[in-house]
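Everything on this sheet refers to the single structure shown next.
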Amino acid sequence: MKTIHGICVVKLLNVRHNVRLHSHDVRYGSGSGQQSVTGVTTVEDSNSYWSVRGTGSAVCQRGEPVRCGQTIRLTHVNTGRNLHSHYFASPLSSNQEVSAFGEEGEGDSLDEWTVLCGGIVWKREESVRFQHTATEGLLSVTGEQYGRPIHGQREVHAMSAANQHNYWRAMEGVFMKPSETPGTRDNGSPLHTEF
């Protein structure tokens with residue numbers, strides 16, 4: 001099994017509803033008014049890429065495995081805003097709103113999520129949960145669909161109950177290999193440094 005490493009770019013699939021975590025520069029018309037976060041069935045949409053990053057207190061090094069229980073930030077690649085939550089009610093289900101917040105990856109402590117998984121590190125093939133660090137809500141999809149202007153997209157929210165609606169799996173993306181010791185490969189042989 002391959003592990004998820006820091007500073008990778010990934011699409012996250014909600015296993016129960018078969019939708020990818022998605023965002024775009026469309027703001028909620030109620031609640032926080034921040035950038036909306038939804039779930040989409042489309043595989044090819046570039047607005048579903050998220051960068052896995054460390055937090056201000058726990059920097060994520062390139063190629064370092066993400067540990068179960070580690071706090072991370074998920075930054076939306078196309079807009080530079082972080083996956084965020086707070087105590088606003090979500091527009092459709094009245095659960096806890098999830099939005100995208102900040103500029104160029106800079107936000108606040110409400111952008112931090114803890115990776116909940118079964119082993120020592122987050123494995124790519126493993127279904128995991130993301131728990132909002134400040135409110136303890138679990139990133140979830142329960143099936144509610146939006147009308148205009150984001151017709152058919154599913155509401156993404158946080159909820160306190162652990163259930164089948166809050167499992168996510170890493171899908172398409174750019175995955176970093178563990179950093180190698182300069183000058184050697186994993187088997188100890190020297191690296192070829194010429195072109």
Side-chain angles (χ1 to χ4, degrees), residues 4 8-53 72-102 105 107 110-117 122 124-174:
I4 299 296
C8 69
V9 175
V10 66
K11 289 184 180 181
L12 296 169
L13 177 78
N14 180 278
V15 177
R16 172 74 170 92
H17 294 277
N18 200 35
V19 294
R20 283 162 176 75
L21 187 67
H22 181 87
S23 193
H24 35 240
D25 203 4
V26 174
R27 298 190 176 272
Y28 287 122
S30 62
S32 69
Q34 293 174 355
Q35 181 173 304
S36 60
V37 172
T38 63
V40 297
T41 56
T42 310
V43 175
E44 299 82 16
D45 196 322
S46 68
N47 278 314
S48 298
Y49 282 112
W50 298 82
S51 177
V52 178
R53 302 174 52 234
I72 61 168
R73 283 189 175 175
L74 293 168
T75 302
H76 187 246
V77 171
N78 286 351
T79 64
R81 294 191 177 105
N82 299 317
L83 191 67
H84 183 89
S85 194
H86 35 229
Y87 288 114
F88 286 98
S90 60
L92 301 180
S93 67
S94 295
N95 283 303
Q96 184 177 308
E97 182 186 273
V98 170
S99 61
F101 174 77
L110 296 178
D111 302 339
E112 297 178 359
W113 298 81
T114 302
V115 179
L116 303 179
C117 46
W122 176 7
R124 272 177 45 190
E125 300 82 5
E126 177 182 20
S127 295
V128 301
R129 289 186 169 113
F130 298 99
Q131 184 174 47
H132 189 245
T133 306
T135 66
E136 298 184 358
L138 296 163
L139 186 67
S140 304
V141 175
T142 52
E144 296 82 5
Q145 291 189 25
Y146 287 102
R148 290 185 170 182
I150 50 178
H151 179 71
Q153 295 184 21
R154 307 288 175 85
E155 180 183 81
V156 171
H157 50 256
M159 54 193 312
S160 58
N163 56 46
Q164 74 273 17
H165 300 292
N166 34 57
Y167 279 111
W168 299 84
R169 188 176 323 136
M171 300 302 283
E172 306 80 16
V174 177

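Under the 3.5 Å distance criterion, with hydrogens and angles disregarded, no donor-acceptor pair is assigned to the side chains of Thr142 and Ser93.
With values rounded to the nearest 0.5 angstrom, Glu97 atom CD is found 9.0 Å from Ser36 atom OG. Distance check, rounded to the nearest 0.5 Å: CD of Gln153 to OG1 of Thr38 gives 3.5 Å. Taking CG from Asn163 and OG from Ser140, the interatomic distance works out to 6.0 Å, rounded to the nearest 0.5 Å. From Arg129, atom CZ reaches atom NE2 of His165 across 11.0 Å, with rounding to the nearest 0.5 Å.
Contact record, Val10 with Met171: CG2-N, 4.0 Å, taken as the closest heavy-atom pair. Taking both residues in full, the closest heavy atoms of Phe101 and Asp111 are given as CD2-OD1, 3.8 Å, listed atom of the first, atom of the second, then distance. Closest of all the heavy-atom pairs between Val156 and Leu21 is CG1-CD1, 3.9 Å. Considering all non-hydrogen atoms of both residues, Pro91 and Tyr146 come closest at CG-OH, 3.6 Å. When every heavy atom of Arg154 is checked against every heavy atom of Val19, the shortest pair comes out as CG-CG1, 3.8 Å. Glu144 and His157 get closest at one heavy-atom pair: OE1-CE1, 3.8 Å.
For the pair Thr41 and Asn18, the minimum side-chain heavy-atom distance is 4.5 Å or more. Side chains of Ser85 and Leu110 form no contact here, defined as non-hydrogen atoms less than 4.5 Å apart. A 4.5 Å side-chain heavy-atom check between Ser99 and Tyr28 finds at least one atom pair inside the cut-off.
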- Begin with the C-alpha distance, continue with both residues' side-chain angles, and end with the deciding distance and a verdict on side chain to side chain contact (heavy atoms under 4.5 Å, CB included) for Tyr87 and Thr135. CA-CA 8 Å; Tyr87 288 114; Thr135 66; 3.5 Å; yes

- Let me see the working for Leu116 and Val128 under side chain to side chain contact (heavy atoms under 4.5 Å, CB included), right down to the final yes or no. CA-CA 6 Å; Leu116 303 179; Val128 301; over 6 Å; no

- Tell me, with the steps shown, if His86 and Ser32 meet side chain to side chain contact (heavy atoms under 4.5 Å, CB included). CA-CA 9 Å; His86 35 229; Ser32 69; 3.6 Å; yes

- Yes or no on side chain to side chain contact (heavy atoms under 4.5 Å, CB included) for Trp168 and Leu139, after CA distance, side-chain angles and deciding distance? CA-CA 9 Å; Trp168 299 84; Leu139 186 67; 3.8 Å; yes

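Formation of a donor-acceptor pair under 3.5 Å by the Ser90 side chain with backbone atoms of Leu92 is not found in this model. Gln96 contributes no side-chain N or O that, together with a main-chain N or O of Met159, makes up a donor-acceptor pair within less than 3.5 Å. Between the side chain of Ser160 and the backbone N or O of Gly137 there is no donor-acceptor pair closer than 3.5 Å. A donor-acceptor contact shorter than 3.5 Å is absent between the side chain of Trp122 and the backbone of Ala170.
Screening Gln34, Gln35, Arg73, His132 for a side-chain contact (heavy atoms from CB on, under 4.5 Å) with His84, the sole residue that qualifies is Gln34. Of the listed residues (Asn166, Leu12, Leu83), just one forms a side-chain contact (heavy atoms from CB on, under 4.5 Å) with Phe130, and that residue is Leu12.
Evaluation of the ring pair (Phe, Tyr, Trp, His ring centres under 6.0 Å) test over residues 32-51, restricted to residues two or more places apart or in two chains, returns Trp50-His76.
The side chain to side chain contact (heavy atoms under 4.5 Å, CB included) search around Thr75 returns Ser51, Arg53, Asn82, not counting sequence neighbours. Here Asp45 pairs with His22, Thr42, Asn47, Ser48 under the side chain to side chain contact (heavy atoms under 4.5 Å, CB included) rule; sequence neighbours left out.
Both tests do not hold together for Arg16 against Tyr167: distance to the six-membered ring centre under 6.0 Å, angle to the ring axis within 45°.
Ion pairing between a basic and an acidic side chain is recognised when a charged N comes within 4.0 Å of a carboxylate O; Asp25 and Arg81 show such pairing.
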